[in-house]
Amino acid sequence: MVFKSEIKEVIKEAVKELYQIDIDPVVEHPAQEEHGDYSTNVAMVLADRLERKPLDIAEEIKDAVSKSLRTDVASPGFINFRLSEEALLGEVNRINELKNSYGSSDTGKGKTVVVDYSAPNIAKRFGVGHLRSTIIGQALYNLYSFIGYKTIGDNHLGDWGTQFGVLLAEIKDSKAKVEDLTVDDLEKMYVDFHQKAEKDPQLMDKARSWFKKLEEGDKEVRRIWKAVVDVSLKEFDWVYDLLGVDIDYAYGESFYGGKMPAVISEVRERGLSKKSAGAEIVEFEDMPPAILVKSDGATTYFTRDLATIKFRIDEWDPQIIIYEVGADQTLHFRQVFETANKLSWSKDREFVHVAHGLIRFKEGKMSTRRGQTIKLEEVLNESVSRARKLVEDSKTGKGLSSKQKDEIAKAVGVGAVKYFDLSHHPKSDIVFSWESMFLLEGNSAPYLQYTYARALSVLDKKETDKPQATSRKPLASEAEAPLLRWLYRFPEILEEAAASYSPNLLCSYLFELAQRFNSFYADVPIIKAEGVELQRLRLAITAATAQVLKNGLALLGIEAPERL
Ligand code: ARG
C-alpha cells in the first residue's frame with residue numbers, strides 16, 4: 001500500500017477545510033527515523049500566505065488530522081507522522097500474500113510507454129555504451145510495466161546511414177564475401193576506410209554515393225547490406241541471450257526508409273525547413289540547425305528519428321517515449337523533440353532522453369574510430385568466471401553439480417555487471433571496477449543475492465505452518481522495527497524510480513533493506529526465537545524481506561538464485 005498518497009490526501013483535505021486553500025503538500029521520509037515515518041513542511045509553506053507562525057499552523061493541522069493519523073509537531077513547523085504497528089505488520093502480511101506481484105500497481109492504467117533502448121549499430125561491435133542502454137532501458141521497461149503501463153520496447157538498430165556507404169565501398173573494393181565476415185572484420189573496414197579518407201577526402205564522396213544507391217533500392221547493394229545486418233544480429237544475439245534481454249520490436253532505422261518522404265513534406269508544409277547550400281535544414285533559435293535532407297538527397301539520422309516518432313504515434317499512441325541513449329546525443333534529441341513539438345506531435349505526450357554517461361575504463365574513453373574498443377564479450381565472460389570462482393570457494397558450492405554452479409555463476413556474474421551499472425544514476429559517468437562489482441559486503445548484486453539466499457535458508461530450515469505478523473508491543477524498541485520501517489517503502493520507491501527514470505533509487509533501497517536484514521539476522525534468533533508468536537513474526541519478516549529482494553532484483557533484470 002502506498003501510505004504516502006493517503007497521508008497527502010488527509011493533509012490536503014485538512015488544509016482545505018481549515019484555510020480554504022488548495023495545496024499539494026510535500027510528504028517525505030524524515031532523515032532521522034526517530035522523527036517518524038513521514039513528515040511534511042506544509043505549515044511552513046502556508047505560513048507566508050497566511051501571515052502566521054508555522055508552529056501554530058502545524059498544531060492546527062495536527063489537531064485536524066489526529067483522528068486518522070498519529071502525528072506530532074517539531075520546530076520550526078514540521079508535522080511528523082508515525083505509522084501504526086498494525087499498519088506496518090499488515091504490510092508484511094500483504095507482501096507474503098501478494099508475493100511476486102507485491103509492489104505492482106495500476107498507476108499507468110490506460111497509458112502507454114515506448115522505451116527506445118539498446119540500439120547497437122550494425123557492423124560495429126556491441127559496445128559498452130549500448131550495454132548501458134540495454135541494461136538501464138530494460139530496467140525502466142520492467143518498472144513501467146510493473147506499475148501498470150502498457151509498455152513497448154523498441155530496439156532502434158543503427159542499420160542505416162552514410163556509414164553503410166563506407167562499408168559498401170570497402171566490401172566492393174576488397175571483393176570480400178560478406179557472409180564470411182565477422183563484426184570485427186566489418187569494424188576494421190570502417191576504421192581502415194576512415195584512415196584512408198583522411199588522406200583522400202574524395203573517398204567520402206564515393207561512400208555517399210554507395211549509400212545513395214542503397215536508399216534508392218539497388219538490388220545488389222541491398223543484398224550486401226542485408227548480409228551485413230544478419231552477420232551483426234547473429235553476434236548481438238549472444239549478448240542478448242547472456243543478459244536475458246528480449247526486446248519486443250527491432251524496427252531499426254532502415255524500416256523508416258519509405259516513411260520519410262511523408263515526414264519531410266509535413267515539415268516543409270509547416271514551413272519549418274529551408275534550403276541551405278543544396279541541403280534542406282531545420283533551424284532553431286538556440287541550437288545549431290539539423291539536416292533534414294542532404295545535398296545529395298540522402299536522409300539523416302535526424303529525419304529517421306522524426307519518422308520514427310510519427311510511426312510510434314500512429315502505431316501505439318504512447319503518452320511517453322523514453323530514449324535510453326548516451327548523453328553525447330543530447331543535442332540531437334533536443335532538435336528532434338523541438339521539431340516534433342513544432343509539428344504538434346507532442347500534445348499530451350512526453351519525450352524523454354535518459355542521457356546516460358560514459359563507462360570509463362582506467363585507460364580512458366573508448367572509441368570505435370580509433371579502433372580501441374574494449375570487448376564486451378571479454379568483460380562479460382570475465383565477470384562470469386569471477387563469479388564461478390566465488391561459487392567454487394563457497395560452502396554451498398561444495399554440494400552443487402557443475403551445471404548448477406554454472407547457472408549460479410551466470411546469475412551472479414551477469415547480475416554483478418548489471419547492478420554495477422544500475423546502482424549509479426544513469427547520467428553519471430562511471431569508472432569500471434571489478435572490486436565494487438563483487439563487493440561481498442557492499443552495494444553489489446552478489447551482496448543482495450547472498451542476502452536473499454540467506455533469508456531463504458532460514459525459511460527452509462523451519463517449515464512453519466504459516467509465518468504471520470501479529471501485533472507485539474512495544475515494537476519500536478525491538479529488533480524488527482528497522483525492517484518494518486523499511487519494507488513498506490518498496491511500492492513508493494518503484495513509483496519514484498520510474499517517474500524520475502532512476503533505477504539507482506531501487507538499488508539504494510534494496511541495499512539498505514539487505515543491510516537491515518543482515519543486522520537483524522546477526523542480532524536476534526529467528527528460528528530459535530523465544531515463543532511461537534515471536535518466531536512467527538520473525539519468519540514473516542524474513543519471508544517478506546526475501547520477497548521484496550526478489551521482486552526488486554527481478555525488476556532490475558537480475559536473477560536471484562535460491563542457493564549461493
Ligand atoms: N544507434 C544509435 C547509436 O548507437 C542509437 C539509437 C538511439 N535511438 C534513437 N531513436 N535515435 O548512436
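Both counts, for ligands and for their atoms, begin at 1 and track the order of listing. Since the structure is predicted, the reported quantities are computational estimates derived from the model, not experimental observations.
When only interatomic distances are considered, the shortest N/O to N/O separation between Asn121 and ligand 1 falls below 3.5 Å. Considering backbone and side-chain N/O atoms, Leu157 never comes within less than 3.5 Å of an N/O atom of ligand 1.
The protein non-hydrogen atom at the shortest distance from atom 9 (C) of ligand 1 is His156 CD2, 3.4 Å.
Contacts of Asp305 with ligand 1, taken as heavy-atom pairs under 4.0 Å, involve the side chain alone. Under 4.0 Å from ligand 1, the heavy atoms of Phe333 that appear belong solely to its side chain.
Of the options Trp160, Tyr301, Tyr323, Phe302, the smallest heavy-atom separation from atom 11 (N) of ligand 1 is shown by Tyr301.
Taking a cut-off of under 4.0 Å to the non-hydrogen atoms of His130, the atoms of ligand 1 that pass are 3 (C), 4 (O). Every atom of ligand 1 is numbered from 1 in the order shown, and the set under 4.0 Å from a heavy atom of Asp116 is 7 (C), 8 (N), 9 (C), 10 (N). Per-residue contacts place Gln329 under 4.0 angstrom from the following atoms of ligand 1 (heavy atoms of the residue considered): 3 (C), 12 (O).
Using 4.0 Å as the threshold, Val325 has a heavy atom nearer than that to some atom of ligand 1. Under a 4.0 angstrom heavy-atom cut-off, Arg304 registers as lying outside contact with ligand 1.
Taking the salt bridge (Lys or Arg N to Asp or Glu O under 4.0 Å) definition, one finds that Lys275 meets it with Glu280, sequence neighbours left out. Residues satisfying the salt bridge (Lys or Arg N to Asp or Glu O under 4.0 Å) criterion with Glu562, sequence neighbours excluded, are absent altogether.
Checked for salt-bridge contact, Arg334 and Glu338 miss the test: no charged N lies under 4.0 Å from a carboxylate O. Taking the charged nitrogens against the carboxylate oxygens, Lys310 and Glu266 do have a contact shorter than 4.0 Å, which makes a salt bridge.
Under the 30°/60° scheme for interplanar angles, the aromatic rings of Tyr251 and Trp316 are found to be tilted.
Each of Phe351, Phe337, Tyr117, Tyr501 was checked for a ring pair (Phe, Tyr, Trp, His ring centres under 6.0 Å) with Tyr323, and the lone residue meeting it is Phe337. Considering Lys234, Arg223, Lys226 as possible partners of Glu179, the one that fulfils the salt bridge (Lys or Arg N to Asp or Glu O under 4.0 Å) test is Arg223.
Between the side chains of Tyr141 and Asp248, at least one donor N or O sits under 3.5 Å from an acceptor N or O.
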